[in-house]
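Treat the numbers as computed from the prediction; the structure is a model and nothing was measured. Just so it is clear: chains get the letters A, B, ... in the order the sequence lines come, proteins before strands, and each one is counted from 1.
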Number of protein chains: 2
Amino acid sequence: MKRVDEVLVSLRRIIRATDIHSKQLSKHSGLTSPQLLILMAISKLGDVTIGTVAKDVNLSQATVTTILDRLEKRNLVRRVRSEVDRRRVHAQLTEEGNKVVEDAPSPLQESFVEKFDQLPEWEQTMLLSSVQKLAELMQASNIDASPVLYVGDVTHHLTGTQGR
Amino acid sequence: MKRVDEVLVSLRRIIRATDIHSKQLSKHSGLTSPQLLILMAISKLGDVTIGTVAKDVNLSQATVTTILDRLEKRNLVRRVRSEVDRRRVHAQLTEEGNKVVEDAPSPLQESFVEKFDQLPEWEQTMLLSSVQKLAELMQASNIDASPVLYVGDVTHHLTGTQGR
DNA sequence: ATCTAATCTTTAGTATGCGAATCATTTTAA
DNA sequence: TTAAAATGATTCGCATACTAAAGATTAGAT
């Protein structure tokens with residue numbers, strides 16, 4: 001098995017692990033990772049617009065909107081339309097939202113954090129720079145792959161349900 | 001910002017990048033990454049049951065079922081109920097499915113692969129071992145975190161819509 | 001002043017992905 | 001032999017997540 005394939009296998013494992021953790025978190029605390037992440041971002045940034053939150057948590061605006069819908073329904077977050085620029089919508093934590101954020105655990109594996117913190121410093125540094133490098137490579141790949149149509153005729157075999 | 005948090009930020013970037021790539025792939029080839037992954041698994045394993053496929057691609061059976069629904073609708077895959085044990089369902093590639101698999105690009109970023117391959121060997125090795133280490137840490141965290149209820153009272157603040 | 005382009009958010013549509021519940025079937029045990 | 005347990009797949013309900021397009025509003029240019 002090639003090295004690059006092994007990297008991808010590990011990445012898939014990591015992605016799955018975070019997903020499974022999110023489900024566990026939700027069972028215990030009632031909130032999933034992205035929900036918590038967004039709450040924490042709002043708490044950190046104060047009275048922010050939805051777009052800013054999206055950038056901060058690295059999710060698309062549309063995704064943040066739907067997650068905010070759920071958080072608003074639970075009274076953890078309030079939406080306030082800006083007076084200055086009425087296109088903007090600000091998100092604020094409610095009283096309850098504040099409490100939840102204070103009591104909440106890390107949105108990502110707490111025991112992972114512990115384990116990581118126990119590693120020697122050189123290893124932490126190495127892991128961090130590795131994962132940063134990978135993220136960078138992938139992001140760059142996405143960007144310069146987008147205009148290239150590297151598959152020609154696969155679509156021919158399909159029924160065409162894909163078209164919008 | 002703590003190192004561990006930066007790791008998690010990078011992981012989120014990676015997760016997003018793979019997702020975006022999957023969408024791009026689907027636009028060009030009509031198939032998303034998981035769909036391609038499952039097709040390739042079936043091609044590799046031959047006449048397999050759904051459960052075996054699920055294990056091989058590291059996804060839940062339920063997920064594989066829904067993806068197979070889509071693949072079957074497009075005539076890339078056939079389902080055949082086993083004669084020996086009628087609980088089992090075998091998945092087979094159709095003629096078209098075979099063609100698609102042959103023509104298909106890597107289900108994961110092709111240009112990422114290129115970029116990765118161009119790195120010096122020591123760096124490839126380092127990246128691989130880093131990501132493996134992280135995957136291991138996360139998986140271990142999931143396992144030994146599951147019985148621990150590390151959040152006590154967050155649920156109190158919620159409306160209780162969560163219960164099934 | 002008004003038309004146009006840009007900006008911000010939401011909506012619509014599609015695809016993952018999971019656990020839990022359900023259904024059909026097979027195996028095991030009484 | 002037949003009732004109970006286990007197994008394999010599907011269905012259901014929910015939550016992400018994306019892009020594209022629509023809606024609303026503002027800013028800029030003529």
SB check D19(A) K23(A) (cutoff 4.0 Å): yes
Expressed in angstrom and rounded to an integer, what is the separation of L68(B) atom CG from dG17(C) atom P? 13 Å
Let me know the distance between CD1 of I38(B) and P of dA9(D), rounded to the nearest Å. 13 Å
Residue list, side chain to side chain donor-acceptor pair (under 3.5 Å) with T52(A), at least two apart or on another chain: T49(A)
DNA chain C: stems of at least 3 consecutive Watson-Crick or G-U pairs whose donor-acceptor distances fall under 3.5 Å: C:1-30 with D:1-30
Taking only residues two or more places apart in sequence, or in another chain, which ones meet T63(B) in a side chain to side chain donor-acceptor pair (under 3.5 Å)? S60(B)
For a quick test of reading the model: is some side-chain N or O of R74(B) closer than 4.0 Å to OP1 or OP2 of dA15(C)? yes
Can you find a side chain N or O atom of R16(B) that sits less than 4.0 Å from OP1 or OP2 on dA17(D)? no
I want to check one thing: is the phosphate of dT25(C), taken as OP1 and OP2, less than 4.0 Å away from some side-chain N or O of R81(B)? no
Between CG of D117(B) and CZ of F112(B), what distance do you get to the nearest 0.5 Å? 9.5 Å
Side chain of T49(A) only, please: which of dT9(C), dT16(D), dC18(C) is the nearest? dT9(C)
If each of D19(A) and T66(A) is mapped to the nucleotide of DNA chain C with the nearest heavy atom, which maps nearer the 5' terminus, i.e. the 5' end? T66(A)
Considering only residues two or more places apart or on different chains, which pairs with a residue in residues 28-45 of chain A satisfy salt bridge (Lys or Arg N to Asp or Glu O under 4.0 Å)? K44(A)-D56(A)
Between P of dA15(D) and CD of Q24(A), the distance in whole Å: 17 Å
List the residues meeting salt bridge (charged side-chain N to carboxylate O under 4.0 Å, His left out) with R13(A), not counting sequence neighbours, and say none if there are none. none
Nearest whole Å is fine: how far is dT10(D) C1' from R70(B) CZ? 14 Å
Just the rounded figure in Å: distance from P of dA20(D) to NZ of K23(B). 11 Å
Tell me which residues in residues 55-63 of chain A lie within less than 4.0 Å of DNA chain C, going by non-hydrogen atoms. Q61(A), A62(A)
Could you list the residues that satisfy side chain to side chain donor-acceptor pair (under 3.5 Å) with S129(B), not counting sequence neighbours? none
Given dA9(D), is OP1 or OP2 found less than 4.0 Å from the side-chain N or O atoms of T65(B)? no
With sequence neighbours left out, the residues meeting salt bridge (charged side-chain N to carboxylate O under 4.0 Å, His left out) with R79(A) are D69(A), E72(A)
Let me check something: any side-chain donor-acceptor pairs from residues 2-11 of chain B under 3.5 Å, sequence neighbours excluded? List them with distances.
{"unit_1": "R3(B)", "atom_1": "NE", "unit_2": "Q124(A)", "atom_2": "OE1", "d": "2.8"}
{"unit_1": "R3(B)", "atom_1": "NH2", "unit_2": "Q124(A)", "atom_2": "OE1", "d": "2.8"}
{"unit_1": "S10(B)", "atom_1": "OG", "unit_2": "E6(B)", "atom_2": "O", "d": "3.3"}

Could you state the atom-to-atom distance from CG of L37(A) to C1' of dA15(D) in whole Å? 15 Å
Rounding to an integer number of Å, can you tell me how far L71(A) CG sits from dA15(D) P? 11 Å
Atom pairs under 3.5 Å, N or O on each side, protein against nucleotides 26-28 of chain D: can you list them with distances?
{"unit_1": "dT26(D)", "atom_1": "OP1", "unit_2": "R86(A)", "atom_2": "N", "d": "3.0"}

R88(A) with D85(A): basic N within carboxylate O range, under 4.0 Å: yes
Can you identify which nucleotide, out of dT16(D), dG8(D), dC18(D), has its nearest atom closest to the R88(B) side chain? dG8(D)
Separation of dC8(C) P from R79(A) CZ (nearest whole Å): 17 Å
Output all residues satisfying side chain to side chain donor-acceptor pair (under 3.5 Å) with N98(B), sequence neighbours left out; order by chain, then residue number. none
State which of dG17(C), dT10(C), dT19(D) makes the closest approach to the side chain of K27(B). dT19(D)
Linking Ile, Leu, Val, Met, Phe, Trp and Tyr through side-chain heavy atoms less than 4.5 Å apart, which residues share a cluster with I15(B)? I15(A)
